[in-house]
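Contents: one structure, followed by commentary.
First listed ligand is number 1; within each ligand, the first listed atom is number 1. Keep in mind it's a predicted model, so treat the numbers as computed, not measured.
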Amino acid sequence: MTAETLIKIKNLYKNFGKNEVLKGLDIEVKKGEVLVMIGPSGSGKSTFLRTMNLLETPTSGEVYFEGQELSEKSTDVFKHRERMGMVFQQFNLFPNMTVLDNLTLAPIKTGRLKGDEARARAEQLLARVGLEDKANAYPQSLSGGQQQRVAIARALTMNPDVMLFDEPTSALDPEMVGEVLAVMQELAEEGMTMVVVTHEMGFAKNVADRVIFMADGKIVEEGSPEQIFDRPREERTREFLSRVL
Ligand code: ADP
Ligand code: MG
């Protein structure tokens with residue numbers, strides 16, 4: 001792994017009214033790193049991901065992407081978002097468009113690719129997630145696992161520098177979790193930088209380079225998967241793991 005930093009978060013606070021959700025986070029993500037974030041519901045994991053993508057603005061603190069502070073006026077929010085692929089719990093595909101159109105929309109709209117190039121790229125990505133035969137299907141006709149694999153392929157069409165996953169398997173029937181995790185694992189092995197919020201502890205153990213345990217808007221503990229799962233230092237971590245493992 002290179003030591004080059006892609007994302008740096010400094011003393012990040014986020015309040016919603018009087019609700020203090022993020023309370024001073026310091027997090028660095030290196031290029032090629034797979035960072036898995038775990039923690040109880042309501043601890044601020046989604047808010048953290050959304051802040052990196054500028055879907056939320058920090059109350060205070062800084063978010064740097066390749067050394068550029070995102071709140072600077074010179075930051076192009078839309079260009080920045082193009083560099084981050086985001087995958088949500090609820091696949092968020094466009095229901096009135098075919099799978100292929102879901103994948104070609106952003107590259108064509110932003111002028112990145114021409115129609116036939118976008119189509120070729122989409123087909124290549126669908127093959128990569130094992131869905132080359134679904135290009136002309138509509139999302140509703142697919143299983144949840146297939147829809148989520150389409151969502152991952154769609155996020156990849158813009159060649160993002162990092163992929164953010166927010167509980168990508170939480171809405172799936174258990175038998176479909178594995179196919180989505182397998183696609184994510186392949187991406188990780190190909191060197192994609194990934195920040196993954198998940199309750200899939202097996203994935204965290206096998207794929208993460210680093211695990212952060214977050215609770216109440218703070219980092220309680222971070223370390224290698226071995227350290228967090230086999231030798232947690234904090235009582236709060238042990239208590240959480242005993243409930244989810
Ligand atoms: P997690 O993803 O760890 O479950 P969230 O980041 O979704 O946690 O939520 C953390 C807290 O922030 C919750 O109390 C939630 O109600 C609050 N929150 C999240 N988004 C908003 C919002 N847009 N407006 C107001 N409160 C919010
Ligand atoms: Mg969440």
Side-chain angles (χ1 to χ4, degrees), residues 7-29 34-63 65 70-71 77 80-81 84-93 144-145 147-148 151-152 155 160 162-174 176-177 180-181 184 193-205 207-208 210-223 225 228-229 232 234-245:
I7 300 167
K8 191 177 179 112
I9 285 111
K10 274 182 158 169
N11 208 19
L12 175 65
Y13 283 79
K14 178 67 184 177
N15 306 339
F16 291 107
K18 285 188 174 147
N19 188 6
E20 297 185 341
V21 174
L22 302 179
K23 303 172 188 168
L25 295 182
D26 288 290
I27 296 177
E28 236 181 287
V29 185
V34 178
L35 174 61
V36 168
M37 304 190 69
I38 60 174
S41 171
S43 55
K45 306 181 299 298
S46 295
T47 302
F48 169 70
L49 286 184
R50 291 167 57 78
T51 305
M52 275 200 284
N53 208 0
L54 291 174
L55 294 168
E56 303 289 355
T57 47
T59 301
S60 68
E62 291 123 53
V63 181
F65 191 80
L70 293 183
S71 67
V77 173
H80 171 68
R81 283 193 194 135
M84 307 192 129
M86 188 140 183
V87 176
F88 305 89
Q89 185 173 332
Q90 303 293 344
F91 332 119
N92 294 3
L93 296 172
Q147 288 187 57
Q148 194 59 303
I152 293 172
V162 55
M163 288 282 285
L164 310 178
F165 292 89
D166 195 356
E167 300 196 32
T169 61
S170 294
L172 299 176
D173 291 335
M176 290 166 189
V177 169
V180 172
L181 294 179
M184 291 167 62
T193 309
M194 296 169 46
V195 181
V196 183
V197 172
T198 187
H199 297 296
E200 293 294 330
M201 299 301 152
F203 178 85
K205 279 185 190 173
V207 183
R210 196 150 52 94
V211 176
I212 289 182
F213 171 62
M214 210 171 132
D216 300 326
K218 290 183 194 152
I219 294 175
V220 175
E221 179 163 5
E222 69 175 285
I228 297 293
F229 292 110
E234 302 292 331
E235 180 52 34
R236 189 79 186 78
T237 314
R238 278 193 287 273
E239 186 259 334
F240 174 76
L241 291 174
S242 73
R243 283 189 287 123
V244 297
L245 284 177

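By the 4.5 Å heavy-atom criterion applied to side chains, F48 and V197 are not counted as neighbours. Side chains of P40 and R236 form a contact here, defined as non-hydrogen atoms less than 4.5 Å apart. L55 has its side chain within reach of R81: a pair of non-hydrogen atoms, C-beta onward, lies under 4.5 Å apart. You'll find the side chain of N92 stays beyond 4.5 Å of the side chain of M86, heavy atoms only.
Aromatic ring orientation, H80 versus F65: perpendicular (interplanar angle above 60°, classes split at 30° and 60°).
The nearest protein atom to atom 1 (P) of ligand 1, hydrogens excluded, is given as G42 N, 3.5 Å; this is a heavy-atom distance. In terms of protein heavy-atom proximity, atom 7 (O) of ligand 1 is nearest to S46 CB, 3.7 Å. Looking at atom 5 (P) of ligand 1, its nearest protein heavy atom turns out to be T47 OG1, 3.7 Å. When hydrogens are left out, the protein atom nearest atom 14 (O) of ligand 1 is N19 ND2, 3.3 Å; that is the closest non-hydrogen contact. The closest protein non-hydrogen atom to atom 12 (O) of ligand 1 is V21 CG2, 3.1 Å.
Remark: ligand 1 and G44 share an N or O pair separated by less than 3.5 Å (distance only, no angle test). Between F16 and ligand 1, a contact under 3.5 Å exists for no N or O pair.
Within the 4.0 Å heavy-atom shell around ligand 1 one finds P40. Heavy atoms of G39 come nearer than 4.0 angstrom to ligand 1 in no pair at all.
The minimum heavy-atom distance linking A208 with V36 is given by the pair CB-CG2, 3.6 Å.
If you take CG on D26 and CD on E62, they are separated by 10.0 Å, rounding to the nearest 0.5 Å.
Note on Q89: not counted as a metal contact of the Mg ion (ligand 2), no N/O/S atom lying under 2.8 Å.
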